2 protein chains.
Amino acid sequence: MLDVRKLRLLRELSHRGTIAAVAQALAYTPSAVSQQLAALEREAGVPLLHRTGRRVALTPAGTQLAVHTEAVLADLERATAALAASREVLTGHLRIGAFSTAMRTILPAALVTLGRDHPGLDLTVRELDPANVADALRTDQLDLGLISAYDYVPVEPDPALETTPLLVETMYLASTRSTTIVDCRAASWILASPETLCHTMTVRACQAHDFTPRARHHADDFATVLALVAAGQGVAFVPELGAADPPAGVVLTALESRRRTFVAYRRGTGEHPAVVAGVSALRQVCSGLVPGF
Amino acid sequence: MLDVRKLRLLRELSHRGTIAAVAQALAYTPSAVSQQLAALEREAGVPLLHRTGRRVALTPAGTQLAVHTEAVLADLERATAALAASREVLTGHLRIGAFSTAMRTILPAALVTLGRDHPGLDLTVRELDPANVADALRTDQLDLGLISAYDYVPVEPDPALETTPLLVETMYLASTRSTTIVDCRAASWILASPETLCHTMTVRACQAHDFTPRARHHADDFATVLALVAAGQGVAFVPELGAADPPAGVVLTALESRRRTFVAYRRGTGEHPAVVAGVSALRQVCSGLVPGF
DNA sequence: GTCGAGCATCAGTTCAGCTTACGGTCGTCG
DNA sequence: CGACGACCGTAAGCTGAACTGATGCTCGAC
């Protein structure tokens with residue numbers, strides 16, 4: 001019988017690529033991961049990963065085994081969900097991860113609803129860039145994660161996760177005057193921190209218009225971004241929710257581009273009562289937030 | 001994360017009913033099983049089995065968890081099957097269990113075929129009453145098991161197993177003269193050993209004709225049974241394959257009743273190359289055995 | 001050439017899980 | 001009706017799997 005704990009390491013390796021990263025993600029030492037994978041390989045009787053110098057890569061058999069592991073883990077999640085559903089009252093933890101705008105605009109109301117309807121549920125919220133949500137869900141650091149996708153940065157489907165759509169927002173170009181993206185090719189841009197989704201989005205959107213944005217400031221919070229725009233420090237992309245209450249002097253130009261927000265959860269947890277409650281609370285809040293949705 | 005080893009104990013408990021039986025089946029002490037189930041219950045946070053005096057019974061939550069366990073174990077079987085399929089040449093063990101008639105009539109030819117086509121496959125055959133095949137498959141003592149079902153003893157579907165039909169045989173009433181079941185109500189009967197499927201079948205069939213067979217001899221092998229019939233020691237039911245070469249003096253009366261033979265294997269192993277090879281060899285042999293099939 | 005990132009191996013330690021022994025609870029049979 | 005046996009649970013001790021930390025190797029970057 002294959003050991004699920006070891007399979008989980010293999011699955012995580014297929015996502016992260018290095019043993020060191022797997023070890024860090026699952027709070028092990030690289031040595032432990034290496035030993036466990038070696039043991040799994042021995043039990044499997046087939047090479048699962050081939051060493052190329054100082055790196056490792058999955059063999060086809062290893063990739064295939066990782067795919068099968070997704071099914072096993074999803075079934076185990078379904079089993080725990082059924083156990084939770086068999087309890088009469090909803091208790092336990094629900095850990096939600098959200099990007100900063102959602103943190104301010106969506107979550108407070110959702111938390112109130114959840115706290116009222118399910119007083120036995122311990123709610124924990126963590127601010128997290130969408131780029132890290134999938135990893136955090138997979139490694140069981142989170143139960144629900146809000147992710148957003150831009151037209152230029154589609155969300156890549158993760159076999160370990162399921163998603164439910166929450167919101168579609170219009171994107172705006174924030175400036176001190178009415179303008180277009182192309183007219184801002186020489187302007188200063190206010191970007192988010194590197195490695196974040198917003199940063200990637202701005203760069204990709206500008207590249208689609210054949211230029212690279214010249215970064216003058218870095219700010220992750222859209223309220224801060226708009227304050228900088230109002231101060232004449234540059235232009236920026238902001239989504240509808242981030243531009244709810246723009247400071248004086250900021251002109252918002254609606255774009256064709258859209259931002260889509262989803263809530264993601266581990267495959268198999270969709271029937272878990274805590275997840276059901278969380279998703280429906282988020283949907284409820286979002287349906288009252290953007291008129292057109 | 002639920003522990004699959006413990007879940008397996010729960011699954012087995014749902015089939016066998018007592019902790020002692022689970023322990024014996026899986027080569028543990030009852031104490032170990034009890035401890036593991038207690039730990040599983042603690043981790044689940046829900047009562048899984050309630051103690052009634054000196055016995056235990058699964059709660060609804062426990063039963064439900066056992067059902068989910070079937071899916072997990074089937075996925076794990078699929079994973080190992082995929083690993084085996086990724087090897088270029090078929091190696092390893094294939095353990096086949098069969099009732100005695102099949103052992104003589106079907107298996108020899110199938111073993112020859114398998115040995116020729118897959119020299120790397122270690123074949124092990126074990127004689128086993130169909131009543132015990134399901135347990136042996138579940139506890140991983142067997143990979144393929146031949147089971148037979150009579151009209152009066154249908155095979156109960158086991159969620160842990162899959163089956164493929166192999167044969168349909170005519171049942172015969174063996175006597176020294178042409179007769180009917182009802183006419184034999186006062187006759188001596190040759191029965192198989194108690195607790196075996198053949199024994200159950202004969203008793204049920206007679207009960208369907210409103211009498212209980214009077215047992216004079218007990219014999220499991222149909223060749224022996226027919227020898228006893230020829231010696232005037234009684235009458236008996238025999239299937240087509242068991243009556244291939246009847247001794248002189250035995251009259252076989254065809255009945256409406258049929259015997260259906262299947263090959264069973266653990267759910268998820270249907271794609272395992274060794275199982276595929278074994279099933280197809282058995283099908284091939286059986287298709288050449290009974291003309292009408 | 002040197003450094004650092006990444007992986008494997010070895011030795012030591014910890015802890016989960018097994019066995020053995022024992023006690024409690026019930027049905028059963030003499 | 002008492003003794004026995006079947007069955008389950010608990011306590012104590014032991015074994016082996018698995019993790020950590022130290023060390024060595026390989027390879028790419030500067």
Side-chain angles (χ1 to χ4, degrees), chain A residues 1-59 61-63 65-66 69 76 135 139-140 195, chain B residues 1-59 61-63 65-66 69 76 135 139-140 195:
Chain A
M1 185 67 53
L2 292 167
D3 181 3
V4 177
R5 296 176 64 259
K6 300 193 180 91
L7 288 175
R8 207 161 77 100
L9 296 179
L10 184 73
R11 193 267 295 252
E12 210 53 34
L13 181 64
S14 80
H15 283 285
R16 311 218 178 215
T18 76
I19 289 182
V22 173
Q24 196 189 352
L26 300 179
Y28 290 136
T29 58
S31 171
V33 176
S34 176
Q35 290 178 47
Q36 290 302 300
L37 288 175
L40 178 64
E41 209 164 1
R42 202 177 331 119
E43 293 160 16
V46 174
L48 299 176
L49 29 97
H50 53 91
R51 282 76 178 168
T52 66
R54 59 178 185 179
R55 300 190 69 84
V56 294
L58 290 185
T59 62
T63 307
L65 188 55
T69 302
L76 282 171
D135 284 348
T139 54
D140 202 24
E195 301 294 308
Chain B
M1 186 68 52
L2 292 167
D3 181 4
V4 177
R5 296 177 62 259
K6 299 192 181 91
L7 288 175
R8 206 160 77 100
L9 296 179
L10 185 73
R11 192 268 294 252
E12 210 53 35
L13 182 64
S14 81
H15 283 285
R16 312 218 179 214
T18 76
I19 289 183
V22 173
Q24 196 188 355
L26 300 179
Y28 289 135
T29 58
S31 171
V33 176
S34 176
Q35 290 177 47
Q36 291 300 301
L37 287 175
L40 178 63
E41 209 165 1
R42 202 177 330 119
E43 293 160 17
V46 174
L48 299 176
L49 29 96
H50 52 92
R51 282 75 177 169
T52 65
R54 59 178 186 180
R55 299 190 69 83
V56 293
L58 289 186
T59 62
T63 307
L65 188 56
T69 303
L76 282 171
D135 285 347
T139 54
D140 202 25
E195 300 294 309

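In the text below, chain A, chain B and the rest are named by the order of the sequence lines, each starting its count at 1. Bear in mind that the values here come from a model prediction, so they are computed numbers and not experimental data.
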[X] side chain to [Y] main-chain N or O, any donor-acceptor pair under 3.5 Å?
{"X": "A:Glu41", "Y": "A:Leu48", "result": "yes"}
{"X": "A:Ser14", "Y": "A:Ala66", "result": "no"}
{"X": "B:Ser34", "Y": "B:Pro30", "result": "no"}

Spacing between [X] atom [atom1] and [N] atom [atom2], to the nearest angstrom:
{"X": "A:His50", "N": "C:dC7", "atom1": "NE2", "atom2": "C1'", "value": "15 Å"}
{"X": "A:Arg42", "N": "D:dA17", "atom1": "CZ", "atom2": "P", "value": "10 Å"}
{"X": "B:Tyr28", "N": "C:dA16", "atom1": "OH", "atom2": "P", "value": "17 Å"}
{"X": "A:Arg51", "N": "C:dA8", "atom1": "CZ", "atom2": "C1'", "value": "8 Å"}
{"X": "B:Leu37", "N": "C:dC18", "atom1": "CG", "atom2": "C1'", "value": "14 Å"}
{"X": "A:Glu41", "N": "C:dC7", "atom1": "CD", "atom2": "P", "value": "14 Å"}
{"X": "A:Gln36", "N": "C:dC7", "atom1": "CD", "atom2": "P", "value": "16 Å"}
{"X": "B:Arg55", "N": "D:dC8", "atom1": "CZ", "atom2": "P", "value": "7 Å"}

Quick one: do A:Arg16 and A:Asp135 make a salt bridge, cutoff under 4.0 Å?
-> yes
Return the residues of residues 18-26 of chain A meeting this criterion: a heavy atom under 4.0 Å from some atom of DNA chain C. Order them by number, or give none.
-> A:Thr18, A:Ile19, A:Ala20
Taking N or O atoms only and anything under 3.5 Å, show me the protein contacts with nucleotides 9-11 of chain C, one pair per line.
{"residue": "C:dT9", "atom": "O4", "partner": "A:Ser31", "partner atom": "OG", "Å": "3.1"}
{"residue": "C:dC10", "atom": "N4", "partner": "A:Gln35", "partner atom": "NE2", "Å": "3.2"}

Produce the list of close N/O pairs, under 3.5 Å, pairing protein atoms with atoms of nucleotides 2-4 of chain C; give distances to one decimal.
{"residue": "C:dG4", "atom": "N2", "partner": "A:Arg54", "partner atom": "NH1", "Å": "2.7"}

Apply side-chain contact (heavy atoms from CB on, under 4.5 Å) to the pair B:Thr139 and B:Glu12, showing each step before the final yes or no.
-> CA-CA 8 Å; B:Thr139 54; B:Glu12 210 53 35; 3.6 Å; yes
Take A:Leu2 and A:Thr69, measure what side-chain contact (heavy atoms from CB on, under 4.5 Å) needs, and give me the verdict at the end.
-> CA-CA 10 Å; A:Leu2 292 167; A:Thr69 302; over 6 Å; no
Apply side-chain contact (heavy atoms from CB on, under 4.5 Å) to B:Leu7 and A:Leu76, showing your working.
-> CA-CA 10 Å; B:Leu7 288 175; A:Leu76 282 171; 3.8 Å; yes
Given that A:Thr52 and A:Arg5 both sit by DNA chain D, which one's nearest nucleotide is further toward the 5' end?
-> A:Arg5
In Å and rounded to the nearest 0.5 Å, what is the OG1 to CD distance from B:Thr29 to B:Gln24?
-> 12.5 Å
Nearest 0.5 Å please: distance from the CG atom of B:Leu49 over to the CG atom of B:Leu10.
-> 7.0 Å
Go through the steps for A:Ile19 and A:Val56 under the test side-chain contact (heavy atoms from CB on, under 4.5 Å), then give the verdict.
-> CA-CA 8 Å; A:Ile19 289 182; A:Val56 294; 4.1 Å; yes
Taking the side chain as C-beta and beyond, is there a heavy-atom pair between B:Asp3 and A:Arg5 under 4.5 Å?
-> no
Residue met sooner reading DNA chain C from 5', once B:Ala32 and A:Leu49 are mapped to nucleotides = A:Leu49
